[in-house]
S.K.: 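Before we start, here is the structure in question, set down as structure tokens.
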Amino acid sequence: MQSMEKKMSTYNKSCCNFYKRACWGWENNNILTDKDGSLDEFTLVGRKVMKEIKDQFDRGNVSGLAELKAEAFYKSCMATHRQDRDSIISQFKQLVKKANTRDLTKLLSTVHSYNVWPLFKVTSRPDPRDVSVNILTLFIGDSPFKNLRGKETIRKISDSLFDKINDSPQITDRLIDSIETDEKLSKAVSDIKDMLNSEHSYEYDEMKRRKRRHVGSSTDIDEEELSSSSITRAQTKFNQTEYGKAQLYDRLTLGELQSGCSMINWRLYFKNIFGEEISTTQKFIVYKKKNLMSSCDAVALNMTHNLSFRRYILVSLIKTSINYFDVGLLLDEDEWEGRSKTKDRWFTCMAFTQKFLGLATSSVFVRNSPSKDQISQVQEILKYLKKAFREKILQKPWLDKTTINAAVKKLDNMVDKVGYPKYIMNQTFRDTYYDQLFIASNYYNNVMFSQKFSVKQIWKDLTSPADRNKWGMVPSEVNAMHNALHNDMTVTLAIMAPPFYDPDRPISLNFGSLGAIIGHELTHAFGTQLGQFYDYEGARKAWMTRSSEKALVERAKCFIKQYDDYTIKGYEISANKTLDENIADNGGLRAAYQKDNLELNKKFYQIFTQNHFKEDELFFLSFAQMYCSKYSDTAAKYEVTESHSPGPLRVKGTLSNMAEFSSTFQCSKDQTYGREPKCQVW
């Protein structure tokens, strides 16, 4: 309770700015060390988890080959010094030379084999028709140019990338020239990094990836699919014969893929990236097939632009690869000292270690975490939240009986994954899993081996049965997530910590924070994007009736109008892009608020009396304080491009829609947090 009060301010106008009342002290006590960065509670807890694993490495407290490999990877990262600069630059030089070829099949397969995916991406995922088996899936790749990613189709990317590259010919020419001559690659790499990241740094990208924890999905579902199923597009396409059931993907044979995109020798391509012969009977799922084929046509018909295309692919390779190294290694001598002293290197090295050896870092974390004893308590919270959904949240008068029954069936068939998967604590399992990953003392080689190992795992997944009990994230990640493709609900061990969860505090606080997070994710199972298009087994099958979908669309319009007026540091958020997450915030908190949940534990009665807080006040304070956050102007600019509203706006938008909040703090409808009308879907 004392930590809660320290985060607050004496500002007592809850109905005008409850976020300020809840988080003013937190903002004053937490300083942004990065002038272009941001900070929030999820980041702070994540750093604490990484520090706990680092301390175990420093003590040599590891068990088995897999954990030894994780420790060795971390130490190789930490041991990379200035004197290694020439060697690293030479290795980068050889890498880009290897990829720089006129043979497009070799070019793409070489770059893709290092887990860098320009143009298109390949992965293995459950077959939408038969979720018991996995199938190779192709969808939109990653662009090194942030302003292209997710805003244009693959064809538009391929059409515009030539102009985009040629907008900076002096930089790309320097890249190619430095590879073909003996000029220093370091300056070229540095210039390219500046061009690509002048306003969008890798550290910010990693921070945003980690911030998708409890409100995003780590499932490989591209932004084109998300936008195609968004509520705004649904409104304009409602007159389609099968609303919500539009075919976003095509099922192709190897022959059909070859004839549709002949610029690539697909059998050779897959042999190059997987090291395995692909069967002529192999089937593929291709998302947005027309876009991929148009992209192939654009490259095939514009072979005069082959050099520009190669430059685009090489920029992707360089941009991704150099991000695993302290950029100071590639700077001139006089710039090295200042950057190396300000960089929090241990955290960067731990983040990369977890990225590549997450099962091993997680087993270290789980073995030494006191939170293991709390798993059963969190399972009870999940149980009661499901009960709230089954008996109240899903029992909406605007849903017809058929849809309600389908929703309840989806809820009842959901696989719960709480804490950690038991198999990661099996040393034989861990050692076998990482058996083909070779880790030594050379950090550059460790990164490249790990990238290639990640790609080989795609083939391994393909040739294994689809398993709904397999975890899609590691337990040392501060996260909770509903995965539509498996219809499972994951709550990691790492998130079972203050300010999200504490077994010794009032249950109302735990429901206001972790309960709201879990409720948010459960809401996604019935959401406006993926949830309504995947059924109780995770098969791609719409389960809402037309009338229920229409009612959902109408109710969602209220949220678009509400959030359309929200800004942070002068930057407007996108009410359309954040819609599904805003609805989940609101529905999740409403589910967590159910009175029978709060009555699980009467302990809070003794505490709020002493601290002058009422039961409901504790609940709403807990919700607000888990979104305490700070943003630089640069971070705010990019925060508003994400699919989640910034923390302060999540608090404002959600609480102002809760009649119970207005009643608790006696807010009138002309005050910010008492606003009318109040939007509600779930």
S.K.: Decide, yes or no, whether a salt bridge links D58 with K54 under the criterion of side-chain N to carboxylate O below 4.0 Å.
M.R.: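 Salt bridge present between D58 and K54.
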S.K.: Any non-hydrogen side-chain atom of L95 less than 4.5 Å from a side-chain atom of S321?
M.R.: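 Yes; the side chains approach each other to less than 4.5 Å.
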S.K.: Under 3.5 Å, is there a donor-acceptor pair between the S363 and E67 side chains?
M.R.: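 Side chains of S363 and E67: pair found under 3.5 Å.
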S.K.: Charged N to carboxylate O under 4.0 angstrom, D461 versus K470?
M.R.: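 So D461 pairs with K470 through a salt bridge.
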S.K.: Among all residues two or more places apart in sequence or in another chain, which pass the ring-ring contact (aromatic ring centres under 6.0 Å, His included) test with F449?
M.R.: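 By the ring-ring contact (aromatic ring centres under 6.0 Å, His included) rule, F449 matches no residue at all.
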S.K.: Establish, yes or no, whether a centroid distance under 6.0 Å links the rings of Y324 and F356.
M.R.: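 Here the rings of F356 and Y324 have centres that are less than 6.0 Å from each other.
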S.K.: Do the ring planes of F274 and F270 sit parallel (below 30°), tilted (30 to 60°) or perpendicular (above 60°)?
M.R.: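 F274 and F270: parallel rings.
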S.K.: Does K106 NZ have over 12 foreign heavy atoms under 6.0 Å away?
M.R.: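 Result for NZ/K106: open.
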S.K.: Centroid separation under 6.0 Å, is that true for the rings of Y443 and F73?
M.R.: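 Yes; Y443 has its ring centre under 6.0 Å from that of F73.
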S.K.: Measure the shortest side-chain to side-chain distance between N30 and L44 over non-hydrogen atoms and say whether it is less than 4.5 angstrom.
M.R.: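 Contact flag for N30/L44 side chains = yes.
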S.K.: Can you name the ring-ring contact (aromatic ring centres under 6.0 Å, His included) partners of Y74, sequence neighbours left out?
M.R.: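 For Y74 the ring-ring contact (aromatic ring centres under 6.0 Å, His included) partners, ignoring immediate neighbours, are F57.
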S.K.: Under the side chain to side chain contact (heavy atoms under 4.5 Å, CB included) rule, what do M425 and Y420 come out as? Steps first, then yes or no, please.
M.R.: CA-CA 9 Å; M425 302 311 294; Y420 62 94; 3.7 Å; yes
S.K.: Check whether any side-chain N or O of T43 sits under 3.5 Å from a backbone N or O of L39 as a donor-acceptor pair, and report yes or no.
M.R.: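 No.
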S.K.: Do W266 and F120 have their ring centres less than 6.0 Å from each other?
M.R.: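 Ring-ring flag for W266/F120: true, centres closer than 6.0 Å.
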S.K.: Just by distance, do the side chain of T492 and the backbone of E477 share a donor-acceptor pair under 3.5 Å?
M.R.: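 Present.
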S.K.: Between V455 and W117, does the side chain to side chain contact (heavy atoms under 4.5 Å, CB included) criterion hold? Intermediate values first, please.
M.R.: CA-CA 11 Å; V455 175; W117 301 98; 4.1 Å; yes
S.K.: Hey, are R267 and E277 close enough for a salt bridge, meaning a charged N less than 4.0 Å from a carboxylate O?
M.R.: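 Looking at E277 together with R267, the answer is yes, because their closest N to O distance falls below 4.0 Å.
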S.K.: Just how far is it from atom OG of S113 to atom NZ of K98, taken to the nearest 0.5 Å?
M.R.: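 One finds 6.0 Å between OG of S113 and NZ of K98.
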S.K.: Could you label the plane-to-plane angle of the Y269 and H112 rings as parallel, tilted or perpendicular, counting under 30° as parallel and over 60° as perpendicular?
M.R.: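 Because their plane-to-plane angle is over 60°, the rings of Y269 and H112 count as perpendicular.
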S.K.: Salt bridge check: are E276 and K460 linked by an N-O gap of less than 4.0 Å?
M.R.: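 A salt bridge is absent here (no side-chain N lies under 4.0 Å from a carboxylate O).
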